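The structure appears right after this line, and notes come after that.
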Amino acid sequence: MKMKNRTLILDCTKKIGENVTIYGYIQTRRDHGKILFLDVLDRSGLIQVVVSKGAHLRGVGQTESKSHLGGEISPQDVVTISGKVNKRPPNLVNKNIPTGEIEIAAEKIEVLSKAEELPFDMGGKDLDLQLPTLLDYRSLTLRHPKVKQIFKVQATILEGFRKISKELGCVEVVVPEIAVSSTEGGAEVFKVDYFDHKAFLTQSPQLYKQMLVPVFERVFTIAHAYRAEPSVTTRHLAVATQLDCEFGFVDFEELLDLLEKAGTETLKFAEAESKDVFKEWNLETIAFGSSRGAGEAGKIPRLTLREAQELILKEFKRDNTKEKDLTPQDEIDLCTWAKNVHKSDFVTITHFPTQAKPFYTMPDPKNSEYSLSYDLLFRGVEVMSGSQRINDYFQLVDSIKSRGMDPKNFEMYLQAFKYGMPPEGGFSFGLERMTMHVFKLANIREAALFPRDMERVDIRLNK
RNA sequence: GGGACCGUAGUGAACCGGUCAUCACGUCUCCCUGUCACGGAGAAGAUAGCGGGUUCGAUUCCCGUCGGUCCCGCCA
């Protein structure tokens with residue numbers, strides 16, 4: 001079969017009166033007896049195909065004449081259809097689709113791949129399934145137009161991040177995801193058998209992107225982060241995708257500007273590229289903060305952890321002022337406050353306790369109890385975190401020791417510092433979390449193509 | 001790791017201590033040349049997750065078990 005003669009469905013709008021051949025998937029069929037309507041979908045869009053059953057349909061496989069009448073065509077069948085593109089009569093135009101002014105009068109229909117009976121109805125505007133069903137049939141449910149749109153937007157987030165990172169002078173790097181005998185601390189790690197040696201999957205690209213700062217000064221990487229935390233929540237995955245930047249020769253204030261710029265520019269790009277999806281899903285536009293003055297760009301409110309906790313006490317009457325981190329409810333309330341007061345879906349929180357942050361985090365020189373660290377909250381959840389890093393070799397070794405870890409296990413990493421490391425820092429966005437909150441999804445698993453959690457790796461795991 | 005709640009046709013939901021467990025979508029048969037989530041008529045499809053208990057009688061109440069969802073903790 002030759003597909004050179006293929007016309008993309010959306011391009012049919014420019015081929016009125018011409019004969020075309022389209023390739024795609026059956027979305028719905030509406031059988032009116034002597035006339036049959038098929039909605040056919042390809043990567044460009046959807047078109048209505050009209051099959052007049054009284055008419056003679058030519059084509060191969062005359063013995064399967066029934067299928068040529070559309071009798072055996074059912075949803076998700078992969079088909080090729082040839083026919084003439086006709087302008088619809090004015091009273092039959094469908095204003096809801098880009099191809100609503102045309103339709104194809106089928107002359108030949110061929111089923112290239114027959115789909116089994118579907119386990120649920122895919123033809124509706126929404127896919128109304130419980131989460132386990134949605135994931136048990138993931139390779140099928142991803143085809144649904146509205147599910148697909150989640151990942152089309154996710155792709156624009158990736159593209160937006162790459163774009164702004166390059167604009168900020170970062171070089172894209174790819175870093176290893178298997179490491180040996182040392183961890184950053186914090187989350188549990190997945191152990192792997194590496195040629196009879198113990199190894200683990202990296203919790204983040206953190207250490208490698210830092211090692212590349214003296215090489216390129218500014219780098220970015222898109223990498224998987226593997227976390228073996230035995231936690232089951234709506235916002236955690238065992239494998240998440242991180243969008244990381246790391247910058248040499250920056251101080252804390254510059255880093256704050258950079259992280260806010262990277263976050264807002266990424267999402268501004270994604271939003272601009274996804275206008276159709278925002279409309280289809282009826283998504284709220286993202287609030288990037290009110291301007292503080294003429295000519296000044298949008299501003300995201302910045303608070304230290306302690307200031308944020310004071311605000312929670314004052315505005316929401318909950319005393320968490322002694323806690324070392326924000327609670328999930330605190331994050332929700334702070335974003336509500338930022339939205340109301342600053343017209344921002346974002347809040348930057350800085351100066352978390354040094355002890356609560358990883359060893360590479362720079363303590364605040366003014367008060368080492370707190371660190372030069374920050375989280376970016378977006379719509380009630382942390383979507384990014386980062387910090388100014390310790391760049392002095394001896395201070396870094398002391399920090400590793402102070403957390404009960406052995407500097408010998410960080411030999412390659414420390415080498416980068418031993419031979420000269422500029423003042424540096426960076427940050428890391430969670431791709432699935434950003435996607436989740438752009439769409440306001442209830443569970444992060446819906447924002448991952450093939451989510452991994454404690455109970456599932458594609459299929460449900462046996463206990 | 002702690003807690004709360006939920007398991008009913010393929011899917012999503014409803015109801016109920018008492019004769020035949022209800023509805024929508026999907027499926028099958030038939031009707032329909034203009035629908036676009038088409039419409040109309042009919043049919044099939046469920047030992048109510050599993051095990052035990054209370055009761056004259058349990059899908060319904062209780063206990064256990066398995067599975068799931070959510071919240072907290074941990075974590076990003």
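Each chain gets a letter, A, B and so on, in the order its sequence line appears, and its residues count up from 1. None of these values were measured; they are calculated from a predicted model.
Not a single donor-acceptor contact under 3.5 angstrom links the side-chain atoms of Arg30(A) to the base of C32(B).
Judged purely by distance below 3.5 Å, without hydrogens or angles, the side chains of Gln210(A) and Glu424(A) pair a donor atom with an acceptor atom.
Distance noted for atom P between G3(B) and G52(B): 27 Å (whole Å).
Contacts of Gln206(A) with the nucleic acid, taken as non-hydrogen atoms under 4.0 Å apart, are absent.
Under the Watson-Crick or G-U wobble criterion, with both distances below 3.5 Å, A46(B) has no partner in any strand shown. A 3.5 Å limit on both hydrogen-bonding distances identifies G12(B) as the Watson-Crick or G-U partner of C23(B).
Seen from the ring of Phe288(A), Lys268(A) counts as a face-on cation partner, given the 6.0 Å and 45° thresholds.
One finds no side-chain N or O of Asn96(A) lying less than 4.0 angstrom from the OP1 or OP2 phosphate oxygen of C36(B). Proximity of Thr234(A) to the phosphate of C71(B): a side-chain N or O atom is located under 4.0 Å from OP1 or OP2. Proximity of Thr28(A) to the phosphate of C38(B): a side-chain N or O atom is located under 4.0 Å from OP1 or OP2.
In terms of modelled atom types and a separation under 3.5 Å, the side chain of Asp244(A) and the main chain of Ser428(A) share no donor-acceptor contact. For the pair Arg88(A) (side chain) and Ile102(A) (backbone), a donor-acceptor distance under 3.5 Å is present.
Applying the 5.5 angstrom centroid cut-off and the 30 degree plane-angle cut-off, the aromatic ring of His32(A) is not stacked upon the base of U35(B).
When each of Val49(A), Asp42(A), Thr80(A), Leu8(A) is checked for a side chain to side chain contact (heavy atoms under 4.5 Å, CB included) with Ile22(A), only Val49(A) meets the rule.
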Summarise how protein sits on nucleotides 9-15 of chain B as a single string, 5' to 3': B when a protein heavy atom is under 4.0 Å from the base, S for sugar-phosphate-only contact, - for no contact. -SSSS--
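Here the nucleotide nearest the side chain of Asp31(A), chosen from C72(B), G34(B), C32(B), is C32(B).
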